[in-house]
Amino acid sequence: MHDDSAHVEARLRRMLRDRIAPAVRRRSVPVTIAAWQVPDEPVPFAEAVRQRYEPFEIGSPWGGRPWGTTWFRVSGVVPADFGLAPETSVELEVDLGFVPGAVGFNAEGLAWRPDGSTITGIEPENNGVPIDADPGEAFELFVEAAANPIIDADYSFRPTPMGSRHTRGTEPIYVLRALELVERDERVWQLEQDIRVLGALLAELPSDGTRAAEVLRALDAAADALDPDDVAGSAGAARAALAPVLARRADDGAHRTVAVGHAHIDSAWMWPARETVRKCARTWSNVLDLMDRDPDFVFAASSAQQYAWIRDGYPELFARIARRVAEGRWIPVGGMWVESDTNMPGGEALARQFVAGKRFFLEHFGIETRETWLPDSFGYSAALPQIARAAGNPWFLAQKASWNETNRLPHTSFRWEGIDGTGVLVHCPPADRYNSDVSAADLHRGERQNRERGVADTSMLLFGFGDGGGGPTREMLAAAHRQHDLGGSPRVDLGTPAEVFADLERDLPDPSVWAGEIYLEFHRGTYTSQLRTKQGNRRSEHLLREAELWAATAAVRLGAAYPSEQLEEIWRTVLLQQFHDILPGSSIAWVHEVAEAEYARVAEDLERIIADAIGALAAGSAGDVSGGARTLRFNAAPVVSDGVPALGAAASAGPRAVGPRPDGAGWTFDTGRIRARIDDAGHLVSLLDLTTGREAIAPGARAAEYIVYRDTPNQYDAWDLDRTYQRHPTELTLESVDAVGDAVVVVRRTGRSTVTTRFTAVEGRAELSIASSIDWHEHEKLLKLAFPLDLKADRAASEIQFGHVERPTHQNTSWDHARFETSAHRWVHVAEPGFGVAVANDSTYGHDVSRRVRRDGGTTTLVRESLVRGPRYPDPEADQGTHRLVTVVRIAETVREAIDTGYRVNLPTREAVGAADVPPLVRVASESVIVEAVKLAEDRSGDVVVRLYEARGGSARAVSVDWGFPVGSTTRVDLLERPIEEGPGAREWDGGDPVLLDLRPFEIVTLRATRA
Ligand SMILES: [Zn+2]
């Protein structure tokens, strides 16, 4: 037989496009349209329906301006002969002027009933609105249309003014193309789905196999059966030709795909969060509509924040969701407040993502999530397994590692072991996408890429338009049903994430292990982009720590009111900004402008809470803030600072500055612990450890050197830092260097930018402080601050949440080589036995650490901080303006000294005039156990909650925890402050008993004490 496969496939494609797809629409009639243009920001339904609507013509522009909103009131009568035939249905078809394809990045609409309930979302690939009226009846509904501009239609990464409120322009960008009542031919639509599924299956099957030939012949026969002049009349015959191949059962050993309806909705990204609220309403209305039509359809959605938005703004929709949750068809997943970044949030903040998220799901749905849900976050911190488990999540859904540029994770389903040894069961849906359309291509890729195949033959497929929302469509569900049990295809079951994890637990009793961080070999610029957003996060986290500590102390010591509600609201604001496109700096200008404003508001509120609490504590009573005459210093750090014990206040003179002495060719700072030399070019050329006599700076090298690099990544500008940046360094031009008061001040220029550096030192400290004031007007440049150190470190320790990770400084393997820019929190530490250096910061996360052997045989370990960038996409003005950052370089033999410095740099002591010292609420007698949070309980019982962790990476035995107030009993609790019921962690102590703890390396312990 001659091979006609190419001809048959081409025949089907043409027939689908030109005959079948158009025949789904049998006929249409116009409707009456009136419109109201919202003058400014979106308004609620109740306000919109009260307005005056003007007649509106198809073909007219709407929206007012980019990001504007138009409400359409749509009315008419369903023709008496519409939808009478059993194979037909009637719906309203809406084309807002969509740019084809870009679902969720486009104009979008939400259809409302006149009673204020939502019907469904309107998107390019999903633009039909069901009509409640029967033939001959009148109907009325509203369409809330959002003129959201396309920021980047074709992944060209060109700068655009559309992402800012101030530069978006004033002209409408969309024209209403269609809004009419359509009679659909469901039989033709079914035929279309048959052909699409079989055609896609054919493309995946081996072309020389019997099954492929069988499918091909059936498709050819269907094409013969279809009368091009009477598609509606012949669709049944064409379907009949396909029925036998669609009825062929899947193979016995076929891979099982559990298809979970999903809509990854970025909480802000190419749109501001205010639009995400509406995206959720549109997408979730669509989901509920589909659920009404398809009883097998199950949908999973994460992010308590998004549910909270719907609860507050769309109570009717929220109630319908709650009913589906109760039925088990709508699955709240994840249990975090948002799908946050996990590289940069601090330890307590990452814990609170789970506390806030899980509490919301428990309170509103009675649901305890079991799976952490982070398909799109840019790499996964090695602290996550322990934090997730401590919140009650033994399972973990990940995906993003499939974006690695260089290496592939060797497993699909595996045990992921965190820094403390805690494991979670990870599943990475092997189709490598979370926005599947349930195509044969995705199903077969998922089977091929399942690394556990033969052992664990179940995988998850997340389907539905995502990122910008949209969610599943009826076409996707049709594909899922047809491939449920289809010869040549993996099996498809519509189901829940829990089914997959349960299968995996059964099939993988002893799974492969991945230990440590899951570093994303991509998006390495996100540790640095949008510096002000990074600083806002860092500052907020530390202010929250202070506010909780001092407010709790004032509550226990003085009976002052604890601002639970306010703190909860502030936490939620800060947690939202940690979303995986906000904190990483990869959003449009509007988002970062809002983030900065939110951080400023939060800082003001927290400063007030702190001032009130400290004022009350200093005065010695809640009501009286005068009185007393000594200068007290309040130390919120978990380490001694300025001579004040951790977490308390005491009289202290505070830090005493050591000024620079001129030494002929520069200046010297001598703190008694170090001697630091700044040369007349403004570089740190010597940092001598006076204890050991060792020099920290590599011979002939210049430390605290700023270098500007070309920063023009091939793609994803705000996200990516390409390795080639290293090839194009530029020094800054020295303007001046002078001693000014206690500082050496250096002014340098590069391009249109100025960098002013203040070197200062404090008596008795083994460190030098480097404050950088940067007036930045560069685009597509990266500014780094370099410390070439005279020591041979094989590994660098970088702080993460509740501990640190060690990463090689060499590049032996492709994994090491790909890790050329890394995230660290407050410090990086490099050491050899007996000597080491910490580089601590108050602002940034991007670092790189490398080493090279010098001609003299010694080794230089180079630690560099990434200070600021200037990507032009998606925010053309990213990072422009003034910034201030502090870096401290410290002689630190041990990690513990690095930890101390990290806390002190980020939590300077505060001064207040007071009467008596304030003893801490809790004292921990251990060199290695650190208190991360002191607060009152979430349930507002007044109990004191303390979170601590082993910070050095070693076991700690018999660590005594002493309460500084009368205690009824102490209980070990989980992150949600619930008693740990069983296992080694379950412990309770009576008030009088000494609380003694054994901690494994990096273990987190949460204690809850009742007040006697
Ligand atoms: Zn995302």
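Indexing begins at 1, ligand by ligand and atom by atom, following the structure's order.
Defined by atom type and a distance below 3.5 Å, a donor-acceptor pair is missing between the side-chain atoms of Thr473 and Asn126.
Listed by chain and residue number, the protein N/O/S atoms under 2.8 Å of the Zn ion (ligand 1) are His264 NE2, Asp266 OD1, Asp376 OD2, His580 NE2, with waters left out.
With salt bridges taken as basic N to acidic carboxylate O contacts below 4.0 Å, one links Glu568 and Arg572.
Ring pair His523/His580: centre-to-centre distance not below 6.0 Å. Taking the six-membered ring wherever Trp is involved, the centroid distance between the rings of Tyr155 and Tyr873 does not fall below 6.0 Å.
Partners of Arg168 under the side chain to side chain donor-acceptor pair (under 3.5 Å) rule, at least two apart in sequence or in another chain, do not exist in this structure.
Residue Arg158 places its CZ atom among 12 or fewer non-hydrogen atoms of other residues, nucleotides or ligands, all under 6.0 Å distant.
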